[in-house]
Novice: 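One structure is given below, represented as structure tokens, and several questions about it will come after.
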2 protein chains.
Amino acid sequence: MTLKEGKERFIQSWGALGSSWGINRTMAQIHALLLIAPESLSAEEIMEELQISRGNANMNIRALIDWGLVYKELKPGERKEFFVAEKDMWEVVKNIIVQRKKRELEPMLRVLDEISSVDPESEEAREFIEIIREIKLFSNKADSTLDTLVKADSNWFVGTFMKMIK
Amino acid sequence: MTLKEGKERFIQSWGALGSSWGINRTMAQIHALLLIAPESLSAEEIMEELQISRGNANMNIRALIDWGLVYKELKPGERKEFFVAEKDMWEVVKNIIVQRKKRELEPMLRVLDEISSVDPESEEAREFIEIIREIKLFSNKADSTLDTLVKADSNWFVGTFMKMIK
DNA sequence: TTGTCGGTTCAGTACTTATTGAAACTTTGC
DNA sequence: GCAAAGTTTCAATAAGTACTGAACCGACAA
């Protein structure tokens, strides 16, 4: 396989993976492109490489920066902005966990709290409250597990974790 | 808050959560509805409750069964099929992990293997191969960690895990 | 002050994905 | 064998999301 083919295949697959992970296809492709780019790239180069419009590139690059998956790099003497990907996979996954936890798990926890206040007037209501209580318990556990996971460092994950859970 | 409001709010939120988790809104809503239903429900009842068409209900129920999140229940003497949700949250999460691993992580591992065969003819190609190697290493670790996690039982997660990683 | 270069925004449009509803199919009872 | 009750399929369509391209903004240099 040639380098060009390999790169294309990678960008393609990373894009597909991303789109089932709350990161849209183009966003993931830009990330893939930057991951395997030997140098930081400008918006123009990204547009060119992926055949996308300026607006699209701009929006997705900024979203990637929001997610903490890409950094802006200002080259001295250059007016253009350049972009580099976070290449440490553990950092990438950690950032995604942090973002999605904030966007999804935490709002859900709030909703679960709210609906716990349903009147336990009927047997059905009491059953409902009980099920919600179980879900809440589980979600809280997941929440704090993820917190701990995110605080842990890369080496810990790569090295120790595997042995601990064996 | 009344029981009715609480239920609606829960179905609503569970639907929203699902849609950022590769489980579409309706599928997640059906799951939510079944989670809090005191009894198993028929397709008709689900259609009625969520105001969706027969076809939609049928397709999403079957998808939920595929994911292992819902079971078919055949009541003796009844010709209709009834459905119940898997209510153990740890089972739910485990099934989602298994499915998504199979659909996303495993294909990605295959792609990474393929593109490792890029000719290391240039310096750039060698750098590419190296980055792919790192991603592959990480993905393999994630893959086996998830395997271990899925084999572990609920109690282990709820009880021991939290202490271990403290 | 004017022109150029890049970045940002956003209304309109293209593309993707989910949903409907009707027809086809299956199972069962008579 | 046929009607009734239920399930499945799928082409057409609706709803939702992403993308484009042009207008706008700000910084800078001439």
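Since this is a predicted model, take the numbers as computed values, not measurements. Chain naming here is simple, since letters A, B, ... match the order of the sequence lines and numbering starts at 1 in each.
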Novice: Give, for atom NZ of K7(A) and atom CD1 of I131(B), the distance between the pair rounded to the nearest 0.5 Å.
Specialist: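 Answer rounded to 0.5 Å: 8.5 Å.
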Novice: Parallel, tilted or perpendicular: which describes the rings of F128(A) and F10(B), with under 30° parallel and over 60° perpendicular?
Specialist: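 Rings of F128(A) and F10(B): perpendicular, as their planes differ by over 60°.
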Novice: To the nearest 0.5 Å, what is the distance between CG (N56(B)) and CG (N24(B))?
Specialist: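 One finds 7.5 Å between CG of N56(B) and CG of N24(B).
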Novice: Once rounded to the nearest 0.5 Å, what's the spacing between atom CD1 of I36(A) and atom NZ of K87(A)?
Specialist: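 Here the rounded value is 9.0 Å.
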Novice: So for the helix from dT1(C)-dA30(D) to dC30(C)-dG1(D), with five pairs setting each end axis, what is the inter-axis angle to 10°?
Specialist: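 End-to-end axis angle for the helix from dT1(C)-dA30(D) to dC30(C)-dG1(D): 0°, rounded to 10°.
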Novice: Below 4.0 angstrom, which residues in residues 78-86 of chain A have at least one non-hydrogen atom near DNA chain C?
Specialist: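 Residues of residues 78-86 of chain A under 4.0 Å from DNA chain C: R79(A), K80(A), E81(A).
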Novice: Which ones in residues 30-58 of chain A lie close to DNA chain C, meaning a heavy atom under 4.0 Å from one of its atoms?
Specialist: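 Per residue number, the list reads A43(A), R54(A), G55(A), N58(A).
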Novice: Are the side chain of Q51(A) and the backbone N or O of E48(A) linked by a donor-acceptor pair below 3.5 Å?
Specialist: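 Side chain of Q51(A) to backbone of E48(A), a donor-acceptor pair under 3.5 Å: yes, one is there.
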Novice: Could you tell me which residues satisfy salt bridge (charged side-chain N to carboxylate O under 4.0 Å, His left out) with K102(A), sequence neighbours excluded, listed by chain and number?
Specialist: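 Checked K102(A) against salt bridge (charged side-chain N to carboxylate O under 4.0 Å, His left out); zero matches.
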Novice: What is the distance from CE of M59(B) to C1' of dT20(C), rounded to the nearest Å?
Specialist: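 Distance, rounded to whole Å: 9 Å.
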Novice: With a 4.0 angstrom cut-off to heavy atoms of chain A, pull out the first and last contacting nucleotide of DNA chain D, in 5'-to-3' order.
Specialist: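 The protein-touched segment is dA18(D) to dA27(D).
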Novice: Answer yes if the side chains of S42(B) and E45(B) hold a donor-acceptor pair under 3.5 Å, and no otherwise.
Specialist: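 S42(B) vs E45(B): donor-acceptor pair found between side chains.
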Novice: Examine distances only and state if a side-chain atom of N58(B) and a backbone atom of R54(B) form a donor-acceptor pair shorter than 3.5 Å.
Specialist: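 Checked: no pair found.
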Novice: Enter the distance from E49(B):CD to L33(B):CG here, rounded to the nearest 0.5 Å.
Specialist: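 Those atoms lie 5.5 Å apart.
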Novice: Please figure out whether R62(B) or R25(A) has its closest DNA chain D nucleotide nearer the 5' end.
Specialist: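 Nearest-nucleotide comparison on DNA chain D picks R62(B).
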Novice: Verify, without hydrogens or angle tests, whether R126(A) (side chain) and P120(A) (backbone) share a donor-acceptor contact under 3.5 angstrom.
Specialist: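 Here the side-chain-to-backbone pair exists.
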Novice: What residues, two or more places apart in sequence or in another chain, satisfy salt bridge (charged side-chain N to carboxylate O under 4.0 Å, His left out) together with K72(A)?
Specialist: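 Listed in chain order: E81(A).
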Novice: Look only at the side chain of N95(A) and the backbone of G68(A), and say whether a donor-acceptor pair between them is shorter than 3.5 Å.
Specialist: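 Checked: pair present.
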Novice: Below the 4.0 Å mark, does dT19(C) have OP1 or OP2 next to a side-chain nitrogen or oxygen of N60(B)?
Specialist: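 It does, given that an N or O in the side chain of N60(B) lies less than 4.0 Å from OP1 or OP2 of dT19(C).
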Novice: Kindly say whether K136(B) contributes a backbone atom to a donor-acceptor pair with the side chain of N140(B) at under 3.5 angstrom?
Specialist: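 Yes.
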